Amino acid sequence: MRLVNLNVVFLSLLVLIEVVSVCNGRVLSPAFYRKSCPQIGRIVRSITWSKVAANPTLAAKLLRLHYHDCFVRGCDASILIDSTSGNTAEKDAIPNRSIGGYDVIDEIKTKLEEECLDIVSCADIVALAARDAVSYQFGRPMWQVLTGRKDGRVSLASEASRDLPSGNANFTTLQQQFAGLGLNIIDLVALSGAHTIGVAHCAVFQRRLNATGKGDADPSLDPEYAQFLRTQCTTPPNPAVAVALDANSSVSFDSHYFAGLRHNKGLLRSDAALLTDPRSARVVKSFQGFHVFMANFGLSMKKMGAIGVKKGARDDGEIRKNCRVVNAAN
């Protein structure tokens with residue numbers, strides 16, 4: 001299991017760059033577009049930062065967009081494809097109906113097509129925009145993004161409903177889902193740390209406020225926090241009300257999420273589940289230190305970003321002209 005101290009993290013980073021730079025036979029590299037589209041970094045950063053400056057909630061939305069893309073069919077921008085009369089696409093699956101940020105990806109793609117026609121994949125844009133959205137508050141890139149992905153041609157709502165981790169999942173289920181994608185327990189905890197920004201609607205966690213049907217809260221919830229959640233969700237009852245995933249802040253990317261977890265203030269059952277296994281609980285404790293968390297988060301984002309990378313025509317990969325529509329068959 002990957003250690004979490006900073007010296008080991010630095011060494012692991014050097015090794016990981018070598019390991020994931022070739023994924024499924026397709027080269028991923030931080031310099032993939034150096035010759036073909038050297039302005040990609042500037043364009044993605046400029047547009048993303050301007051959007052997040054105007055609407056700080058976009059950071060969580062763009063980060064979640066990347067997560068939900070990679071967990072279904074790999075990081076291939078299949079979440080961006082619009083539904084048609086003959087197919088309900090991933091973005092219209094129930095777990096994805098609160099996803100946002102599509103318009104930001106569209107704007108970036110339009111600009112890149114003007115500068116670098118048919119060069120940059122939508123999947124790479126999603127990965128870069130997620131990193132830049134989080135990095136805006138720090139004024140610098142917070143982790144390295146490897147590029148060179150191709151876009152997928154298939155998007156099915158049924159697969160999103162099946163494959164996306166549930167906010168009600170227990171630890172065993174979460175561990176199995178992550179392991180199936182090559183992610184370990186440290187990755188599970190680090191990537192869950194994305195819940196330091198963003199919100200969840202009452203409908204997602206309301207069962208925790210009525211655990212046995214008799215009005216009693218989930219015993220793993222801090223009683224005062226449970227009462228706060230009741231006031232947000234039940235006065236008057238409104239499952240559409242949104243509550244911050246991190247009780248301390250919903251727009252600041254920090255390590256407060258882990259401190260909240262250790263005080264039984266994890267909003268979702270899947271958050272609280274991280275304390276039910278001694279291995280993950282130790283990682284939660286370690287990640288209360290922001291620099292340790294951030295170093296590991298960057299490593300785990302790289303691993304997640306390499307899931308199911310498309311290589312080209314042989315595995316249905318392409319450079320989509322419009323991120324919402326697969327290219328017409330030749």
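It should be emphasised that the depicted structure is a prediction, and the values quoted were computed from it without experimental measurement.
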*Is I99 linked to F205 within one hydrophobic cluster, defined over Ile, Leu, Val, Met, Phe, Trp and Tyr using a side-chain heavy-atom separation of less than 4.5 Å?*
no

*Pick out which of D103, D106, D151 makes a salt bridge (Lys or Arg N to Asp or Glu O under 4.0 Å) with R324.*
D106

*Will you find, in the side chains of H256 and D246, an N or O donor that is under 3.5 Å from an N or O acceptor?*
no

*Could you tell me whether the side chain of K61 reaches within less than 4.5 Å of the side chain of L58, counting heavy atoms only?*
yes

_Working for side chain to side chain contact (heavy atoms under 4.5 Å, CB included), residues L164 and Y67_ = CA-CA 9 Å; L164 288 171; Y67 272 54; over 6 Å; no

_Spacing of CG belonging to N168 relative to CD belonging to Q206, to within rounding of 0.5 Å_ = 11.5 Å

*Are the side chain of S161 and the backbone of S158 linked by a donor-acceptor contact shorter than 3.5 Å?*
no

*Going by an N to O cut-off under 4.0 Å, is there a salt bridge joining K310 and E318?*
no

*Are there more than 12 heavy atoms of other residues, nucleotides or ligands under 6.0 Å from atom CD of E224?*
no

*List the atom of S166, the atom of Q177, and the distance in Å for their closest heavy-atom pair.*
N-OE1, 4.4 Å

*Is there side-chain contact between F32 and L28, with at least one heavy-atom pair below 4.5 Å?*
no

*Tell me whether L181 is reachable from V283 by hopping between hydrophobic residues (I, L, V, M, F, W, Y) whose side-chain heavy atoms are closer than 4.5 Å.*
yes

*Can you name the nearest heavy-atom pair linking V44 to A129, along with the distance?*
CG1-N, 3.9 Å

*Does some side-chain heavy atom of D271 sit less than 4.5 Å from a side-chain heavy atom of H195?*
yes

*If you take all heavy atoms of V72 and A160, which pair is closest and at what distance?*
CG2-CA, 3.8 Å

*Between T173 and N170, a side-chain donor and acceptor under 3.5 Å*: yes

*Candidates H68, E90, R64 - the one meeting side chain to side chain donor-acceptor pair (under 3.5 Å) with N96*: H68

*Transitively linked via ILVMFWY side-chain contacts under 4.5 Å: W49 with V145?*
yes

*Does any N or O in the side chain of N327 come within less than 3.5 Å of the main-chain N or O of I319, such that one atom is a donor and the other an acceptor?*
yes

*asked:* Could you report the tightest heavy-atom contact between S36 and P38, atom names first, then the distance?
replied: C-CD, 3.9 Å

*Are Q39 and Y33 close enough that some pair of their side-chain heavy atoms sits under 4.5 Å apart?*
no

*Verify whether one side chain among D132 and T48 offers a donor that lies under 3.5 Å from an acceptor in the other.*
no

*asked:* Check for me, please, whether L268 and L261 land in the same ILVMFWY cluster - side-chain distances under 4.5 Å, paths through other members count.
replied: no

*asked:* Within a 6.0 Å radius of atom CZ on R207, are there more than 12 heavy atoms belonging to other residues, nucleotides or ligands?
replied: no

*Say whether I79 and V154 are linked into one hydrophobic cluster, either directly or through other cluster members, by side-chain heavy-atom distances under 4.5 angstrom.*
no

*Can you tell me how far CD1 of I47 sits from CZ of R42, rounded to the nearest 0.5 angstrom?*
9.5 Å

_Keeping T196 on the side-chain end and F253 on the backbone end, is there a donor-acceptor pair under 3.5 Å?_
no

*Evaluate the side-chain proximity of I81 to V325: yes if any heavy-atom separation is below 4.5 Å, no if none is.*
no

*Which value, rounded to the nearest 0.5 Å, describes the distance between R73 atom CZ and L156 atom CG?*
5.5 Å

_Please give me the minimum heavy-atom distance between A93 and A157, naming the atom from each residue._
CB-O, 3.5 Å

*Side-chain touch Q137/S252, heavy atoms, less than 4.5 angstrom*: yes

*Taking only residues two or more places apart in sequence, or in another chain, which ones meet F178 in a ring-ring contact (aromatic ring centres under 6.0 Å, His included)?*
F71

_Using modelled atom types and a 3.5 Å cut-off, is there a donor and acceptor pairing between side-chain atoms of R208 and backbone atoms of L267?_
yes

*asked:* Distance to the ring centre below 6.0 angstrom and angle to the axis at most 45 degrees; does that hold for K285 and F258?
replied: no

_Smallest separation among heavy atoms of C70 and I307, with atom names_ = O-CG2, 3.7 Å

*asked:* When you compare the side chain of N264 with that of L221, does any pair of heavy atoms fall below 4.5 Å?
replied: no

*Over 60° means perpendicular and under 30° means parallel, so classify the ring planes of F290 and F138, tilted if in between.*
parallel

*Any donor-acceptor pair under 3.5 Å linking the side chain of S46 with the backbone of I43?*
no

*Ion pair present between E115 and K111, side-chain N to carboxylate O less than 4.0 angstrom?*
yes

*Any sub-3.5 Å donor-acceptor pair from R230's side-chain atoms to L209's backbone N or O?*
yes

*Checking side chain to side chain contact (heavy atoms under 4.5 Å, CB included) for the pair I105/C323: CA distance, chi angles, key distance, verdict?*
CA-CA 8 Å; I105 305 300; C323 290; 4.2 Å; yes

*Taking only Lys NZ, Arg NE, NH1 and NH2, and the carboxylate oxygens of Asp or Glu, determine whether K321 and D118 approach each other closer than 4.0 Å.*
yes

*Applying salt bridge (charged side-chain N to carboxylate O under 4.0 Å, His left out), run through D76 and K150 and close with a yes or a no.*
CA-CA 6 Å; D76 67 348; K150 289 286 186 75; over 6 Å; no

*Rounded to the nearest 0.5 Å, how far apart are CG of L174 and CZ of R269?*
9.5 Å

*Side chain D124, main chain S121, donor-acceptor under 3.5 Å*: no

*Taking the side chain as C-beta and beyond, is there a heavy-atom pair between S192 and L274 under 4.5 Å?*
yes

*Can any side-chain N or O of H66 pair as donor or acceptor with the backbone N or O of L62 at less than 3.5 Å?*
no

*Is there a donor-acceptor pair under 3.5 Å between the side chain of S300 and the backbone N or O of F297?*
no

*Answer yes if the side chains of R45 and S135 hold a donor-acceptor pair under 3.5 Å, and no otherwise.*
no

_Interatomic distance, S83 atom OG to D92 atom CG [nearest 0.5 angstrom]_ = 3.5 Å

*Take I197 and Y257 through the side chain to side chain contact (heavy atoms under 4.5 Å, CB included) test and state the conclusion after the steps.*
CA-CA 9 Å; I197 54 176; Y257 164 80; over 6 Å; no

_Pair I185, Q175 - check side chain to side chain contact (heavy atoms under 4.5 Å, CB included), show working._
CA-CA 7 Å; I185 290 175; Q175 184 185 16; 3.6 Å; yes

*asked:* Return the CG to OG1 distance between L229 and T231, rounded to the nearest 0.5 Å.
replied: 7.5 Å

*Have R153 and S78 got a donor and an acceptor in their side chains that come within less than 3.5 Å?*
no

*Under 3.5 Å donor-acceptor, S255 side chain and Q288 backbone*: yes

